[in-house]
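In what follows, a single structure is set out as structure tokens and then discussed.
These values consider heavy atoms only, across backbone and side chains, with no hydrogens, waters or symmetry-generated copies. This is a predicted model, so every value here is computed, not measured. Residue numbering restarts at 1 for every chain, and letters A, B, ... go by the order of the sequence lines.
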Amino acid sequence: MSAQPANEIRITLPDGSVRTTTRGATGADIAAAIGPGLAKAALAVKIDGEMKDLDLPIEKDAKLEIITRKSDEALDLIRHDTAHLLAQAVQALYPGTQVTIGPNIEDGFFYDFARNEPFTPDDLPKIEAKMKELVRADLPTKRTVWERDKAVKHFLELGETYKAEIIRDLPADEEVRVYYHGDWHDLCRGPHLASTGKIGTAFKLTKISGAYWRGDAKNAQLQRIYGTAWRDEKELAAYLQRLEEAEKRDHRKIGREMHLFHIQDEAVGQVFWHPKGYTLFRTLENYIRRKIKRADYVEVKTPLLLDRTLWERSGHWAKYRENMFIAEVEHEKKTLAVKPMNCPGHVQIFNQGLKSYRELPIRMAEFGACHRYEPSGALHGIMRVRGFTMDDAHIFMRPDQMIDEAIAASRLIFETYKELGFDNVQVKLATRPENRIGSDEIWDQSEAHLAEACKRMNCPYTLSPGDGAFYGPKLEFTLFDAIGRGWQCGTVQIDFNLPERFEAEYVAEDGSRQRPAMLHRAVLGSMERFIGVLIEHYAGKFPLWLAPVQAVVATIVNDADGYAKEAAAALKLAGLRVETDLRNEKINYKVREHSLAKAPYLLVVGRKEAEARTLSVRKLGTDKQETVALDALAKQLLAEATPPDMV
RNA sequence: GCUGCUGUAGCGUAGGGGUAGCGCAACGCCUUGGUAAGGCGUAGGUCGUGAGUUCGAUUCUCACCAGCAGCACCA
């Protein structure tokens with residue numbers, strides 16, 4: 001390699017080409033050297049993979065990429081700058097407001113403020129207007145590096161106690177950077193766009209909420225303003241449209257419209273399942289029932305109310321009482337608690353009679369109605385409730401069977417999700433929390449077992465440190481719905497607490513008494529929540545086997561009533577869920593109504609059909625019609641309505 | 001639980017110190033119409049609950065309950 005003059009550096013561009021430039025040149029200089037168009041479009045640079053300001057002098061050879069509005073990274077830059085813009089606007093409009101942090105989040109950003117007066121929704125348009133004003137002013141950005149103590153002192157003098165705290169907590173080797181946007185300044189790691197004008201105006205403030213300082217409920221509550229920001233107005237409009245789409249899928253709305261369930265004040269957080277909703281519930285339940293039967297589970301039912309002493313023994317009274325519904329029984333001076341979990345009940349069944357190692361594993365399943373006192377703010381439709389049904393099971397086994405059982409349970413979960421229409425599933429391994437029981441040795445072993453199970457299944461997973469249950473580590477299964485939202489549903493947990501506390505035993509091969517290992521697993525998790533997910537995933541347009549009403553026979557004229565009833569009866573006899581609509585309404589009206597009600601098949605009969613013993617079939621989502629003979633139709637629909645596990 | 005907002009007929013909404021309208025749904029009559037809203041009419045509300053202010057409260061104030069959006073929580 002030839003010697004390089006001391007004042008020159010070599011810049012490698014993404015296409016592999018190398019440019020030689022003066023030491024201390026900036027990203028902006030290099031962009032300008034490449035072309036005026038690029039210079040204008042440049043937002044920031046990536047130097048050796050790290051995002052930097054356009055005006056940062058480059059002192060040594062580097063790989064460099066010019067970031068423009070088109071780059072993937074552009075959104076992050078725009079959003080971060082918009083967050084600053086928000087803070088600047090807020091401080092201009094509401095003097096005395098302290099700034100804290102303002103990170104990017106999915107689709108946008110937020111900024112947390114400390115202010116005595118609350119923000120109201122009316123403030124958002126005012127703040128937005130101010131932000132746009134600042135964009136028009138095109139204030140230049142200036143990066144400055146401060147000496148730490150001076151920075152702390154400076155922000156304290158401004159009354160910015162949170163900022164001062166952040167600076168104090170910065171790692172000792174980190175530069176304290178303060179960015180100016182015009183006169184306004186903020187502590188920030190950067191990078192930033194060259195001026196406020198570069199941000200554009202494709203942003204919108206979306207909501208206000210309370211948020212705890214550093215995410216801890218023990219700390220002061222700040223006021224958070226959320227916003228979204230995009231490259232251009234078109235992207236912003238598309239995003240807002242996406243939000244609208246999600247709103248249309250809301251299970252609370254669809255649940256009401258499709259007469260699936262309701263919730264009322266006298267039973268907060270509990271679901272009244274209507275006939276149609278409960279049809280869905282039972283269909284799903286029976287599907288799971290078939291699957292676990294095949295997987296050699298046994299099904300049980302255990303009491304809802306159990307005496308306090310049992311919960312004391314299980315450890316729930318000490319660790320979980322806050323979340324339990326307690327019933328004082330006056331007549332007997334007893335305290336009972338409604339079960340928040342099924343596990344203690346299942347151990348009671350296991351403990352009836354002496355078990356041999358030959359009987360293990362025992363896979364004990366229950367569709368168990370559990371009740372937990374969830375914080376009022378956590379309740380959400382049927383997704384987060386206080387009374388719910390778990391598709392629960394506990395597997396009692398020899399310790400050496402644990403990995404195989406964890407694999408079998410995980411496979412059941414994957415298979416079920418796939419059959420239900422969810423192809424993308426992610427797995428997390430949640431490891432030991434701070435507050436836990438059991439020796440480190442047991443935890444080491446249990447975590448290793450779950451990791452080994454994943455490895456043998458060839459299943460990638462991410463670690464979720466500290467998120468395990470107090471009694472053992474767990475695998476968490478998150479599925480992704482039609483619009484990309486993740487839902488944590490299934491779980492496989494190792495429990496070394498309960499067998500110990502209830503002194504569960506089996507007789508081993510050598511005649512000794514041994515403690516069984518226990519695996520706790522749920523596939524759907526909560527039936528209620530899972531049905532909520534299904535509603536939103538399918539937007540109420542369920543696959544035929546799940547649809548509460550599978551077909552509606554609608555008449556055109558009253559003369560066809562008799563045949564319509566006959567046809568509906570025949571389809572019902574074949575095993576389909578069918579309704580008739582004989583009302584004195586025009587067919588257009590009926591088509592519209594049943595389409596909106598999301599009936600998968602509309603079977604229209606008029607004089608012609610009655611005569612020929614056929615039905616005019618119209619499938620939901622199409623406007624095509626097909627005339628099919630009654631017998632053939634029954635077969636066709638029945639085939640389509642076959643549950644995925646019976647295909 | 002915390003912050004903010006909201007609560008009017010089954011659903012969606014208007015209004016506002018003088019006891020409430022509209023649309024859809026419901027019900028009745030007319031219409032029997034061939035694939036996304038036929039016509040006319042009727043009924044339905046102690047305006048979330050309780051207190052206070054007032055001659056008078058659904059409207060204003062307070063408390064409570066519930067819902068919504070976040071935050072925290074989700075063993």
Side-chain angles (χ1 to χ4, degrees), chain A residues 105 110 112 115 117-123 206-226 250 252-253 256-257 259 262-269 314-316 318-324 340-341 343 370 372-381 383-386 388 430 433 435-437 467-472 474 476 488 491 493 495 497 520 525-526 529 554-561 582-597 602-609 616-618 620-627:
Chain A
I105 51 172
F110 65 76
D112 285 348
R115 177 179 178 234
E117 289 284 298
F119 291 112
T120 73
D122 297 339
D123 292 325
T206 49
K207 51 200 169 194
I208 306 170
S209 92
Y212 300 106
W213 169 237
R214 301 208 150 150
D216 189 334
K218 290 195 279 287
N219 290 340
Q221 194 163 34
L222 307 170
Q223 294 188 67
R224 176 171 297 178
I225 298 178
Y226 285 89
D250 193 315
R252 293 164 298 187
K253 183 172 178 289
R256 198 186 308 117
E257 287 167 356
H259 310 291
H262 87 272
I263 295 173
Q264 66 187 46
D265 288 1
E266 289 83 352
V268 172
S314 72
H316 288 84
K319 294 257 183 197
Y320 204 64
R321 186 159 30 132
E322 295 284 285
N323 293 286
M324 288 164 69
M341 300 178 203
C343 18
C370 294
R372 300 177 185 180
Y373 187 84
E374 299 286 354
S376 58
L379 300 176
H380 179 82
M383 300 279 210
R384 187 82 184 269
V385 285
R386 288 180 177 160
F388 59 96
N435 182 16
R436 62 176 184 266
I437 55 163
D467 281 340
F470 71 86
Y471 50 73
K474 56 186 178 181
E476 293 181 332
Q488 201 248 293
T491 168
Q493 311 184 357
D495 186 342
N497 174 46
H520 167 122
S526 144
R529 177 175 144 94
T555 51
I556 298 171
V557 292
N558 287 146
D559 290 352
D561 286 2
L582 311 180
R583 290 176 304 170
N584 175 14
E585 294 291 352
K586 290 195 171 139
I587 195 61
N588 282 314
Y589 184 87
K590 294 185 183 180
V591 166
R592 177 181 156 80
E593 210 167 65
H594 297 299
S595 297
L596 289 174
L602 189 59
L603 311 175
V604 176
V605 298
R607 287 202 184 86
K608 275 189 287 180
E609 288 80 5
S616 170
V617 180
R618 179 184 170 128
L620 180 62
T622 74
D623 53 4
K624 278 184 238 142
Q625 300 141 44
E626 193 191 355
T627 303

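In this entry the distance linking NZ of Lys253(A) with P of U13(B) reads 10 Å, nearest Å. Following rounding to the nearest Å, Asp623(A) (CG) and A37(B) (C1') show an atom-to-atom distance of 17 Å. Between the CG atom of Asp112(A) and the P atom of G70(B) there is a distance of 15 Å, rounded to whole Å. Protein atom CD1 of Ile208(A) is 13 Å distant from nucleotide atom P of G70(B), rounded to whole Å. Computed from coordinates, the Ile263(A) CD1 to A66(B) P distance equals 13 Å when rounded to whole Å. Going from atom NZ of Lys590(A) over to atom C1' of G34(B) covers 12 Å, rounded to whole Å. Rounded to whole angstrom, the span from the NZ atom of Lys608(A) across to the P atom of G33(B) amounts to 13 Å. Between the CZ atom of Arg384(A) and the P atom of A69(B) there is a distance of 14 Å, given to the nearest Å.
By the side-chain contact (heavy atoms from CB on, under 4.5 Å) test, His262(A) is found to be paired with Gln264(A), Phe272(A), His274(A), residues two or more places apart in sequence or in another chain being considered.
Taking only distance into account, the side chain of Gln264(A) never meets the base of G67(B) through a donor-acceptor pair shorter than 3.5 Å. You'll find a donor-acceptor pair under 3.5 Å spanning the side chain of Arg618(A) and the base of A36(B), going by distance alone. Below the 3.5 angstrom threshold, one finds a donor paired with an acceptor across the side chain of Tyr212(A) and the base of G1(B).
Side-chain polar atoms of Tyr226(A) and Arg224(A) form a donor-acceptor pair below 3.5 angstrom. Of the N and O atoms on the side chains of Lys590(A) and Thr555(A), at least one donor lies less than 3.5 Å from an acceptor on the other residue.
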Side chain to side chain contact (heavy atoms under 4.5 Å, CB included) assessment of Glu593(A) paired with Arg583(A)
CA-CA 12 Å; Glu593(A) 210 167 65; Arg583(A) 290 176 304 170; 2.5 Å; yes
Test side chain to side chain contact (heavy atoms under 4.5 Å, CB included) on Cys343(A) and His520(A); report intermediate values, then the result.
CA-CA 8 Å; Cys343(A) 18; His520(A) 167 122; 4.2 Å; yes
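Using a 4.0 Å heavy-atom cutoff across all strands shown, Lys586(A) reaches at least one base atom of the nucleic acid. Nucleic acid contact for Arg115(A): none, since no nucleic acid atom lies under 4.0 Å from a heavy atom of the residue. Base engagement by Glu609(A) is indicated by at least one non-hydrogen atom pair under 4.0 Å involving a base atom. Note on Arg607(A): a base of the nucleic acid sits closer than 4.0 angstrom, heavy atoms only.
Spacing between G44(B) and G10(B) at atom C1', rounded to whole Å, works out to 10 Å. Taking atom P in both G41(B) and A36(B), one finds a spacing of 28 Å when rounded to whole Å. Look at the P atom in both G12(B) and G67(B): the space between them is 15 Å, to the nearest Å.
Nearest heavy atoms, Pro118(A) versus Gln223(A): CA-OE1, 3.1 Å.
In RNA chain B, the stems built from three or more successive Watson-Crick or G-U pairs (distances below 3.5 Å) are B:1-7 with B:65-71, B:10-13 with B:21-24, B:26-30 with B:38-42, B:48-52 with B:60-64.
Nearest-nucleotide positions on RNA chain B place Asp265(A) closer to the 5' end than the other of Asp265(A) and Ala469(A). With the nearest nucleotide of RNA chain B identified for both Leu222(A) and Thr622(A), Leu222(A) has the one nearer the 5' end.
Side chain of Ile556(A), nearest nucleotide from G33(B), C71(B), C5(B): G33(B).
In this structure, Ile556(A) CD1 and Asp561(A) CG are separated by 11.5 Å, a value rounded to the nearest 0.5 Å.
Side-chain contact between Val591(A) and Arg618(A) is present, with at least one heavy-atom pair separated by less than 4.5 Å.
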